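Below, read A as the first sequence line, B as the second, and so on, with proteins coming before strands; counting in each chain starts at 1. Everything numeric here is computed off the predicted structure, so don't read it as measured data.
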Amino acid sequence: MAFRPLHDRVLVRRIEAEEKTAGGIIIPDSAQEKPSEGEVIAVGTGTRSETGTVTPCDVKAGDRVLFGKWSGTEVKVDGEDLLIMKESDIMGVIG
Amino acid sequence: MAFRPLHDRVLVRRIEAEEKTAGGIIIPDSAQEKPSEGEVIAVGTGTRSETGTVTPCDVKAGDRVLFGKWSGTEVKVDGEDLLIMKESDIMGVIG
Amino acid sequence: MAFRPLHDRVLVRRIEAEEKTAGGIIIPDSAQEKPSEGEVIAVGTGTRSETGTVTPCDVKAGDRVLFGKWSGTEVKVDGEDLLIMKESDIMGVIG
Amino acid sequence: MAFRPLHDRVLVRRIEAEEKTAGGIIIPDSAQEKPSEGEVIAVGTGTRSETGTVTPCDVKAGDRVLFGKWSGTEVKVDGEDLLIMKESDIMGVIG
Amino acid sequence: MAFRPLHDRVLVRRIEAEEKTAGGIIIPDSAQEKPSEGEVIAVGTGTRSETGTVTPCDVKAGDRVLFGKWSGTEVKVDGEDLLIMKESDIMGVIG
Amino acid sequence: MAFRPLHDRVLVRRIEAEEKTAGGIIIPDSAQEKPSEGEVIAVGTGTRSETGTVTPCDVKAGDRVLFGKWSGTEVKVDGEDLLIMKESDIMGVIG
Amino acid sequence: MAFRPLHDRVLVRRIEAEEKTAGGIIIPDSAQEKPSEGEVIAVGTGTRSETGTVTPCDVKAGDRVLFGKWSGTEVKVDGEDLLIMKESDIMGVIG
């Protein structure tokens with residue numbers, strides 16, 4: 001059951017701390033303000049200028065990304081807890 | 001008795017939690033900040049730039065959408081409680 | 001005695017709740033945040049861009065419209081209480 | 001002794017409530033938030049865009065206008081109390 | 001010892017109340033919010049757009065101007081107390 | 001394990017006070033509001049305009065830079081504590 | 001050991017009150033809100049528009065300038081206390 005984010009929004013699956021030791025980024029204490037890590041599931045068409053020009057997002061499905069700890073809104077898609085956020089909440093792509 | 005939203009506004013019928021189990025998205029506890037789900041009833045012509053260029057909305061009547069829990073204003077149209085919101089309140093389209 | 005709203009302003013006559021049952025939109029309890037209904041009396045020339053381009057309003061005299069409960073400023077024209085508001089305060093056109 | 005308002009400013013003479021009954025607009029109780037009425041005395045050259053394009057004001061000397069009750073700054077010109085305000089403070093032109 | 005204001009700034013000499021009775025504008029009680037009067041001493045090159053276009057100021061040295069009571073910053077130039085302000089603080093030119 | 005900052009973000013390694021005496025910039029007391037020093041590790045593609053035009057950053061990997069004391073967000077990359085910040089947080093390049 | 005300010009930033013050496021009596025501008029009591037004086041040491045490339053157009057600063061190394069009392073951030077370059085500020089903090093050039 002697909003979910004198409006609108007415009008410059010991105011659907012992200014959060015990656016918990018343990019899982020990451022293999023991936024290389026260690027964020028030991030989630031209580032800190034450290035950014036969270038996740039995997040991009042789906043990406044909107046991109047930002048639209050005032051005159052309708054669409055600029056695609058700079059991340060794609062499958063990218064591992066870092067985003068602000070409090071970014072995004074929780075939603076369930078097909079019973080799974082995911083996050084919807086703006087591309088501007090994403091700091092960078094890992095790997 | 002039609003209702004034409006102005007510019008980038010969208011008329012939405014809220015879909016309550018139970019109804020959604022068949023549709024695939026489960027938002028069990030509406031007390032949480034989880035986004036709400038609804039069906040698009042009518043869409044405005046779109047956003048207008050400063051010089052009058054109109055950019056159509058990215059959703060259409062019939063789309064099932066997710067929007068921020070506190071988005072939109074309640075209104076009755078033909079005796080039915082509906083919501084008027086901006087397209088920017090909508091996070092994405094389901095299915 | 002005419003009144004010409006300036007730029008993107010709109011002159012509106014408020015339609016009280018009872019009158020609306022015939023017209024189709026019922027807003028029983030004005031204490032709630034429900035939008036108000038009214039009839040457009042006069043419309044300004046439209047919004048002006050920074051370089052002077054004028055974009056006409058999307059409503060016209062005679063339209064029945066919904067607007068935010070607290071929108072607009074009260075004024076008397078020819079002894080009648082009317083409202084002056086911005087076009088952006090109007091949510092949509094009924095019928 | 002002339003006074004040339006700068007850019008999109010307008011010099012206005014306030015018209016007190018009594019005087020207006022002949023003119024058609026009655027604003028009996030100035031304590032309310034009702035807009036004030038006045039006559040335009042002088043108008044600036046208009047708004048300037050970022051690149052210097054000048055867009056003339058939409059009101060001219062002699063127009064009777066309605067403006068927000070708290071708009072403008074009081075000044076004396078040739079011993080007379082007048083108001084300097086922005087064109088955007090003016091809601092519309094009467095007659 | 002010259003002083004060149006930067007961009008859209010203007011150097012102004014304040015004209016005290018008494019001096020003005022001859023000049024025509026009487027602002028008897030400086031305690032009120034009435035605008036202040038002054039003479040333009042020097043003007044910057046003007047506002048610069050995002051792409052570098054320069055739009056000259058609409059006032060020139062020698063102009064008698066009205067400006068907001070709290071506008072500008074005091075500075076001493078050659079031992080004289082003057083005011084540096086933005087052109088947008090100036091309401092209009094007298095005479 | 002690379003990390004690609006998004007758009008106009010920059011990945012920076014903080015340089016502690018002692019290390020800097022050799023480099024020439026002494027910021028003895030980090031309690032003060034003095035800017036911090038660091039080395040640029042990776043740079044995003046640059047800022048994107050509303051219509052998609054990309055303007056590269058003005059710093060590159062290897063530059064020693066000064067940035068606001070509270071700028072950026074801490075993150076661990078390959079076990080090392082680094083900072084992700086916006087290019088606009090960087091005041092200048094040393095040497 | 002050079003320091004290159006980024007974009008529209010300017011590196012300034014503060015000129016204390018006494019030193020200025022010879023230079024002509026007397027700011028006797030630094031407790032007041034009076035602007036501060038200083039000498040420009042280095043200037044960034046200038047402001048960048050959204051589409052990358054660079055507009056050079058209007059001040060150059062060696063200029064004596066007036067700037068807001070609280071403008072800029074203190075930094076040590078080669079052991080000397082200097083100020084980094086935005087060009088927009090500078091009110092004008094003396095002499």
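Contact check for G:Val75 versus G:Thr73: no side-chain heavy atoms found under the 4.5 Å cut-off. Contact annotation: the side chain of E:Ile84 approaches that of E:Phe3 to within less than 4.5 Å [non-hydrogen atoms, C-beta and beyond]. In this structure, G:Val40 and G:Lys60 have side chains that are not in contact, with every pair of non-hydrogen atoms separated by 4.5 Å or more.
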Query - Chi angles and distances behind the side chain to side chain contact (heavy atoms under 4.5 Å, CB included) call for G:Lys86, G:Arg9 - result: CA-CA 4 Å; G:Lys86 291 265 186 166; G:Arg9 287 187 177 81; 4.1 Å; yes

Query raised in the report: Checking side chain to side chain contact (heavy atoms under 4.5 Å, CB included) for the pair G:Asp58/E:Arg4: CA distance, chi angles, key distance, verdict?
Result: CA-CA 11 Å; G:Asp58 214 355; E:Arg4 174 170 71 85; 3.9 Å; yes

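In this view, G:Asp89 satisfies the side-chain hydrogen bond (donor to acceptor under 3.5 Å, both in side chains) rule with no residue, not counting sequence neighbours.
Atom CG of E:Leu66 and atom CE of E:Met91 lie 7.5 Å apart (nearest 0.5 Å).
Comparing G:Thr55, G:Val59, G:Val65, G:Val93 by heavy-atom pairs within less than 4.5 Å of chain E, the highest count is held by G:Val93.
Of the atoms belonging to E:Asp81, it is side-chain heavy atoms, and not backbone ones, that fall under 4.5 Å from chain G.
Among residues 43-53 of chain G, the residues having any heavy atom closer than 4.5 Å to a heavy atom of chain E are, in sequence order, G:Thr47, G:Ser49, G:Glu50, G:Thr53.
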